[in-house]
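Step one of this worksheet: look at the structure below.
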Amino acid sequence: MTTTTSATVTTVTPGTPRLPLPATAGSDPAGVATHCAYCGLQCAMTLTGSSAADLAVAPRRFPTNRGGLCQKGWTSAELLRTPARLTTPLLRRDGELAPASWDEALDVVADAIVRTQAAYGRDAVAVFGGGGLTNEKAYQLGKFARVALRTSQVDYNGRWCMSSAAAAGIRCFGLDRGLPFPVTDIGSAHAVLLLGANPAETMPPFLTHLVRAADAGGLMVADPRLTPTAAKALDGGGLHLQLRPGTDAALALGMLHVAVTEGYADRRFIAERTTGFDDLWPVAAQWLPERVERVTGVAVTTLRTAVATLARARDTERGAYVLSARGSEQHASGTDTVTAFIALALALGLPGNSGTGFGTITGQGNGQGGREHGQKADQLPGYRRIDDPAARAHVAAVWGVDPADLPGPGRSAFELLDALGTESGPRVLLVHGSNPVVSAPDARRVSDRLAALDLLVVSDFVLSETAAVADVVLPVLQWAEEEGTMTNLEGRVLRRRRALAAPAGCRSELRIWNELASRLGCSTGFPTEPRLVFDELRRASAGGPADYSAVTWERLDAGESLHWPCSPQRPQGTPRLFLDRFATPDGRARFVPVDHVGPAEPDDTAYPLVATTGRVLQHYQSGAQTRLVEELSAAAGEMFVQVHPDTASAAGLDEGALADVVSRRGRTRATVRVDEDLRPDVVFLPFHWGDDGRANSLTHAALDPTSRMPEFKACAVRLEAAQ
Ligand SMILES: Nc1nc2c(c(=O)[nH]1)N[C@H]1C(S)=C(S)[C@@H](COP(=O)(O)OP(=O)(O)OC[C@H]3O[C@@H](n4cnc5c(=O)[nH]c(N)nc54)[C@H](O)[C@@H]3O)O[C@H]1N2
Ligand SMILES: Nc1nc2c(c(=O)[nH]1)N[C@H]1C(S)=C(S)[C@@H](COP(=O)(O)OP(=O)(O)OC[C@H]3O[C@@H](n4cnc5c(=O)[nH]c(N)nc54)[C@H](O)[C@@H]3O)O[C@H]1N2
Ligand code: SF4
Ligand SMILES: [Mo]
């Protein structure tokens, strides 16, 4: 791209009212009360110090973390002082990224947007967001796409995270809030079934809520690996259901079968609070425990004990919960799988009662809020649908635009990336809060698509693998340098508070969108103060499923605990949903007839193993952030593949050897970690590294028909000794 400024580009920034700056850590000896930079548990912490160099993190007592932090939380301040921090915009000149002024960089972006849309239409410019963005940024990004760019092409990385759980929640309960109860409710339960969740590594302080269940022998973990979480279950006398990847739906239907045929079903609950049982039962009736054992590898006795344990805890009022996470959800049949587990929970009468329930564990820092306020391809703020005329009218009125000018639904995350640079696809892409070069499925294909763009613009505070291939890189603020709100895994709205001034050279994304909008000649206001954006978000969400209208910064700052929906009709918020009725038109939860499908790519003689992927304690997601933290990289510095000893020796590999894991799409180089507790037909790879250690060179993009979730958790591979 050139750096010439087009005549249509202006640099006028509409004035926005200024609010007083909040206290920073430096001015308040007691420190700044905020929440962690990373995951959806949003552990509470206090920041003290006067500059990035001496900022210190201390855990703060809060219901979700009870005073605990994981290693990532403890070391989260390191990234504020990393020498790798971006502090100046970068423009690609003669093939190299080189420093540029903000005006230069923003002019290049605005100029490309104007020229591209004039030549190829509005949808030739696309936006990709992230579930780590604050509510204000997620909301503003969706508004920027629909009102300033007037493109339908906006989606985000949450599509790869929570979309199957969300789709199943909406299908069965009429609403998607990951945990429809406070996380502390789980703490009193004597039976908890975890489906593809490894919180011992992905949310360590969450384990405090599993102690009672573990001690009672009621912690049960369905995972192909003996994870630290599964080990905890076994230590307490609980269960490890060591299923083959991608067979969770068979497990769910088998458990439902046992629940009904062995007399554990709650007939009254089914009759009074649900519909559709008779449609699903003929499918579940086929899943005799012996058949389930053949498909999943989970022994019949284990299956029976798991159901009996849940039913016993329910009957003695000791609490029973079924919780799903990415292991069971990140499949091309993820929505149906979660639907089947919800059916199990409904048959046992767990949802919609206090002391029992079904939930899904939201992953990203703002994974819940980030999926409510309009950065999703089919969505407007307040969890409204973009194809609903009433929703369009409401939101258009808040934005001061004609509803007819709002675009319709766009492409889902992978489909969007896969269309980049094609004849009918977007030619300019703006990325905010994601590193798809590492985290996208079939990432080689995605990298090729990114390379085919006319202009790739990445906003980040570090040079992620995606920023490194961009044409324009915009240095933005991080966590402790910004104000905002986040919505945690239990639908509770939290305040993120600023402890440090913005580093020289960095700008907030709210300011970037404001400046781009004015350069594009857009007359709609894009406030730059988070608090003003939040007030607008409240109005835009009013009356929608995720209604924030009665949540105010004053109430949050006063320490009130507010779970959405929180409206003038329910000013106290809603910690527990569905107690009286589900969010469906008739108030009843739905059984939906679904069947087991299995992985989209079967293994064969050329690719005889199933590769599954996931996380380790020290690294976060694509690793762009945590690989820069010395303590974390020292503890977990290299890409590895977890292999059963028999499988390793069949491939001529020993512990510590370098292996190539090969799929139909690519290869990944990794150090062999032999683990005799792993299934011999499975290998596990973390996805936190790029380059030749990128797990997503192997994965494929078979998409769930409803949620468009890719199949991150199963693909066929073989192992080779690295040459
Ligand atoms: N340390 C760390 N913590 C994180 C994150 C991180 O990157 N690092 N990311 C955050 C985010 S965004 C998310 S979404 C959460 C994810 O949190 P989790 O869902 O707990 O994490 P994963 O490791 O992706 O997957 C969980 C388990 O699923 C198992 N699994 C694989 N395939 C299958 C299968 O087919 N069926 C079943 N039942 N299990 C299977 C894996 O072996 C793994 O142990 O973590 C959050 N917390
Ligand atoms: N194989 C495999 N692939 C997976 C998964 C898996 O289990 N297996 N899990 C999937 C899941 S659940 C998820 S959530 C995705 C996550 O994968 P990504 O979408 O790549 O998520 P992150 O690594 O968190 O990327 C965030 C990037 O944004 C930057 N960033 C952080 N905060 C902000 C901000 O406020 N503004 C801006 N502009 N930038 C910011 C960070 O520095 C980082 O470079 O990966 C998915 N990919
Ligand atoms: S569990 Fe999540 S929120 Fe808590 S300290 Fe660790 S990364 Fe941060
Ligand atoms: Mo995620």
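Note: hydrogens, waters and symmetry copies are ignored here, and every other heavy atom, side chains too, is used. Atoms within a ligand are numbered from 1 in the order they appear, just like the ligands themselves.
- Nearest heavy atoms, S328 versus F341: CB-CE1, 4.5 Å.
- With hydrogens left out, the protein atom closest to atom 11 (C) of ligand 2 is R615 NH2, 3.4 Å, a heavy atom.
- Close placement of the F128 and W160 rings is indicated, their centers lying within 6.0 Å of each other.
- When only interatomic distances are considered, the shortest N/O to N/O separation between T699 and ligand 2 does not fall below 3.5 Å.
- The residue from V629, T626, L617 that alone fulfils the side chain to side chain contact (heavy atoms under 4.5 Å, CB included) condition with Q71 is L617.
- From the protein, the heavy atom lying nearest to atom 2 (C) of ligand 2 is F712 CD2, 3.3 Å.
- If you check which protein heavy atom lies closest to atom 23 (O) of ligand 2, you get S622 OG, 2.5 Å.
- With ligand atoms numbered from 1 in the order given, ligand 3 contributes 3 (S) to contacts under 4.0 Å with heavy atoms of Q42.
- Summary of contacts: the protein heavy atom closest to atom 20 (O) of ligand 2 is S439 OG, 2.7 Å.
- At least one N/O/S atom of C39, whether from backbone or side chain, sits less than 2.8 Å from atom 2 (Fe) of ligand 3.
- Ligand 2 has K713 within reach: a non-hydrogen atom of the residue lies less than 4.0 Å from it.
- Each of the atoms 5 (S) of ligand 3 lies under 4.0 Å from some heavy atom of G73.
- Polar contact with ligand 2: absent for Q364 (N/O pair, distance under 3.5 Å).
- For ligand 2, none of its N or O atoms has an N or O atom of H432 under 3.5 Å away.
- Protein heavy atom at the shortest distance from atom 5 (S) of ligand 3 is C70 N, 3.4 Å.
- Using a 3.5 Å distance cut-off with no hydrogens or angles, the side chains of S324 and E329 do pair a donor with an acceptor.
- For atom 8 (N) of ligand 2, the closest heavy atom belonging to the protein is T613 OG1, 2.9 Å.
- Inspection of the N514 and T528 side chains reveals no N or O donor paired with an N or O acceptor under 3.5 Å.
- By heavy-atom distance, the residue among D460, N366, V438, D442 lying nearest atom 43 (C) of ligand 2 is D460.
- Contacts between S434 and ligand 2, counted as non-hydrogen atom pairs separated by less than 4.0 Å, involve both the backbone and the side chain.
- Taking backbone and side chain together, C36 holds no N, O or S atom under 2.8 Å from atom 6 (Fe) of ligand 3.
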Please test D248 against T337 for side-chain hydrogen bond (donor to acceptor under 3.5 Å, both in side chains), starting from the C-alpha separation and ending with a verdict.
-> CA-CA 6 Å; D248 298 71; T337 297; over 6 Å; no
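- The main-chain N or O of L609 is never found under 3.5 Å from a side-chain atom of D603 such that the two would form a donor-acceptor pair.
- Side-chain N/O atoms of S508 and R511 include no donor and acceptor closer than 3.5 Å.
- Counting protein heavy atoms only, atom 35 (O) of ligand 2 is closest to K137 NZ, 2.8 Å.
- Ligand 3 places these atoms under 4.0 Å from at least one heavy atom of P205: 1 (S).
- A distance-only check finds no donor-acceptor pair linking the side chain of R498 to the backbone of L500 [under 3.5 Å].
- Judged by distance alone, the side chain of N65 and the main-chain N or O of R60 form a donor-acceptor pair under 3.5 Å.
- If you number the atoms of ligand 2 from 1 as listed, the ones under 4.0 Å from a heavy atom of S464 come out as 44 (O).
- Remark: among candidates F206, F62, Y38, the nearest residue to atom 7 (S) of ligand 3 is Y38, based on non-hydrogen atoms.
- Under 3.5 Å, the side chains of H432 and E509 contain a donor-acceptor pair of N or O atoms.
- When the heavy atoms of P199, G68, G365, C43 are ranked by distance to atom 4 (Fe) of ligand 3, first place goes to C43.
- With a 4.0 Å cut-off on non-hydrogen atoms, S459 touches ligand 2 through its backbone as well as its side chain.
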side-chain hydrogen bond (donor to acceptor under 3.5 Å, both in side chains) between E136 and Q140: does it pass, once the steps are laid out?
-> CA-CA 6 Å; E136 294 72 22; Q140 197 83 315; over 6 Å; no
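- At a cut-off of 3.5 Å, with distance as the only test, a side-chain donor of Q364 or N157 sits close to an acceptor on the other residue.
- Looking at every heavy atom in both residues, M203 comes nearest to C39 through CG-SG, 3.7 Å.
- Taking 4.0 Å as the cut-off, E482 does not count as a neighbour of ligand 2 on heavy-atom distance.
- Side chains of R371 and T362: a donor on one and an acceptor on the other come within 3.5 Å.
- Using modelled atom types and a 3.5 Å distance limit, the side chains of D155 and S412 yield no donor-acceptor pair.
- A donor-acceptor contact shorter than 3.5 Å is absent between the side chain of R449 and the backbone of A419.
- Judged by the shortest distance from any of its heavy atoms, N696 lies inside the 4.0 Å radius around the atoms of ligand 2.
- Of all the heavy atoms of S76, none lies under 4.0 Å from any atom of ligand 3, so neither backbone nor side chain is involved.
- Neither the backbone nor the side chain of Q478 comes within 4.0 Å of ligand 2, counting heavy atoms alone.
- Of all protein heavy atoms, the one closest to atom 37 (C) of ligand 2 is E509 OE2, 3.3 Å.
- Contacts between W479 and ligand 2 below 4.0 angstrom, taking non-hydrogen atoms only, are absent altogether.
- Nearest to atom 22 (P) of ligand 2 among the protein's heavy atoms is Q621 CB, 3.5 Å.
- The proximity of H35 to ligand 3, defined as any non-hydrogen pair under 4.0 Å, does not occur for either the backbone or the side chain.
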